[in-house]
Amino acid sequence: MRVTAWAPGRVNLIGDHTDYTGGMVLPMAIDLGTTVVGETGGDLVRLTSLAEPDPAVVPLDVVDPSLVQPPWARYVAGVVAEIRPRDGFEGEVHTTLPIGGGLSSSAALEVAVALALGFEGTPLELARLCRDAEQRSSGVPCGLMDQLASVAGVDGHALLIDCFELSVVAIPFPPDLEVRVIDSGQTRTLASSAYAQRRAECSAAEEVVGPLRLLADASAVSVIADPVARRRARHVITENQRVRDACSALRAGDPEKFGSLMLESHASLKDDFEVSTPVLDDLVERLVGIPGVFGARLTGAGFGGCVVALTRPGALDEGIAVKPSAGARRDLPTRE
Ligand code: GLA
């Protein structure tokens, strides 16, 4: 049976390092993504990619996806290990996403592969399965945001996600605003160990003050004795509120307010969460000095990667303009 599956990448407008404590995020699925096309059958999953010299060849009983070569095949293997499909698959991967460029190319690959392999279940189950695949393949204890945004995208809308309730509310994105993603050119080194460390620091803070998602007032962190855990907690609490405020600004058609919240988010990720870099800081500072740019911030995990900017259309000519788009889908052959 011939199958075509497509999954978009995502950009996170605001709300970083909040998903894994059940906090608030505001990503959108974008109009760049990954297609998997091929035929079901055989006893291997074999995919070629125009973007990669070597194919992914994964046995259906793959044991440890993190050891598979070449590295891009680990994400395919992670999905195979989660789904354990009865039949193999032979096909091709095409992507319009920059690989490893901070737009969740790995989440898009996982979701497209899962759909191509015949995943059956709810959108939330699909996102969770792909998140588990990502964790198995990369060893990074990531949250659910990237995979859920790819699955649940709505054309023309950003997605307000409560990562505890797992509710997704589509917020209309004003057509007279532009979102641009600018790659800092800085590849993310040490990201996986530092990410795990940040997660552990948030857990340490929660041992003292309870779930961070339930705290509205950042002064609650003053009882945390460890200064590092205290700063991490302050970021999470204030970032959750910024997401809610940014959502109100979007609904009220107030891009200036949205932009200033982006800048506050960047400052908090830099000073309290310590996931920025001088390259990202300089880029944000330069971009917000350009007329027509309402705000900019690092987006995603940090430690390099991308900056997202909210602008008047045409204000920036660097980076790529991305549009809020529909989520992943699978097309099966229609019978005559
Ligand atoms: C990565 C993870 C997400 C999220 C972001 C930071 O993209 O995959 O789950 O934690 O970092 O917001």
Side-chain angles (χ1 to χ4, degrees), residues 7-30 74-75 78-79 97-111 124 126-152 158-164 166 168 181 183-184 186-203 212-213 232-233 235-240 242-243 246 261-262 265-266 268-270 272-277 280 297-308:
R10 67 93 186 95
V11 65
N12 191 21
L13 298 174
I14 193 162
D16 272 310
H17 289 281
T18 49
D19 62 347
Y20 47 79
T21 49
M24 309 299 296
V25 295
L26 188 65
M28 63 188 211
I30 60 173
R74 291 175 192 164
Y75 300 105
V79 175
L97 285 164
I99 310 294
L103 296 179
S104 290
S105 53
S106 61
L109 177 61
E110 289 146 13
V111 173
L124 186 55
L126 174 57
R128 281 188 165 136
L129 180 137
C130 292
R131 187 259 331 259
D132 294 349
E134 170 97 27
Q135 293 188 349
R136 272 198 201 221
S137 333
S138 65
V140 178
C142 63
L144 192 61
M145 170 171 67
D146 305 345
Q147 291 78 12
L148 189 52
S150 177
V151 168
L159 307 171
L160 175 64
I161 304 176
D162 178 323
C163 298
F164 182 75
L166 295 173
V168 182
V181 180
D183 192 341
S184 69
Q186 197 177 27
T187 47
R188 288 184 261 178
T189 45
L190 291 177
S192 62
S193 57
Y195 186 99
Q197 190 190 346
R198 296 298 182 282
R199 245 194 114 141
E201 288 158 356
C202 288
S203 301
L212 294 172
R213 68 186 160 81
R232 306 300 187 245
H235 164 73
V236 174
I237 295 168
T238 57
E239 186 81 347
N240 283 335
R242 281 187 289 273
V243 173
L261 290 161
M262 291 174 91
S265 168
H266 185 83
S268 178
L269 287 160
K270 168 177 178 276
D272 277 347
F273 220 71
E274 294 175 283
V275 293
S276 190
T277 64
L280 290 168
R297 55 185 285 281
L298 74 82
T299 182
F303 314 105
C306 283
V307 162
V308 59

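Because the structure is a prediction, the values reported are computed rather than measured. Counting convention: from 1, in listed order, for ligands and their atoms alike. Position 1 is the first residue of the sequence; numbering continues from there.
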Asker: Without hydrogens or angle criteria, can the side chains of S265 and R242 be said to hold a donor-acceptor pair below 3.5 Å?
Answerer: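 Note: S265 and R242 side chains miss the donor-acceptor criterion.
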Asker: Can you check whether G143 has an N/O within less than 3.5 Å of an N/O in ligand 1?
Answerer: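 There is such a contact, yes.
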Asker: Is it the case that the side chains of Q186 and T277 hold a donor-acceptor pair, with the cut-off being a distance below 3.5 Å and no angle test?
Answerer: yes
Asker: Purely on distance, is any nitrogen or oxygen of R10 under 3.5 Å from one on ligand 1?
Answerer: yes
Asker: Considering T18, D19, T21, D16 one by one, which has a heavy atom nearer to atom 3 (C) of ligand 1 than any of the others?
Answerer: D19
Asker: What is the nearest protein non-hydrogen atom to atom 1 (C) of ligand 1, stated with its residue, atom name and distance?
Answerer: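 Protein heavy atom at minimum distance: D146 OD2, 3.8 Å.
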Asker: I need the nearest protein heavy-atom contact for atom 5 (C) of ligand 1: residue, atom name and distance, please.
Answerer: M145 CE, 3.8 Å
Asker: Report yes or no: does Q147 contribute a side-chain atom to a donor-acceptor pair with the main-chain N or O of R128 at less than 3.5 Å?
Answerer: no
Asker: Can you list the steps and then say if R10 with M145 is a side-chain contact (heavy atoms from CB on, under 4.5 Å)?
Answerer: CA-CA 9 Å; R10 67 93 186 95; M145 170 171 67; 4.1 Å; yes
Asker: Return the residue, atom name and 0.1 Å-rounded distance of the protein heavy atom closest to atom 10 (O) of ligand 1.
Answerer: Y195 OH, 2.5 Å
Asker: Aromatic rings F273 and H235: how do their planes relate, parallel, tilted or perpendicular, breaks at 30° and 60°?
Answerer: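 Geometry flag for H235 against F273: tilted rings.
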Asker: For E110, is there an ion pair with R131 - N to carboxylate O distance below 4.0 angstrom?
Answerer: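 Looking at R131 and E110, the cut-off is not met.
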Asker: Which one holds for R199 and ligand 1: side chain close, backbone close, both close, or neither close, with close meaning a heavy atom under 4.0 Å?
Answerer: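 It is neither; nothing of R199 touches ligand 1.
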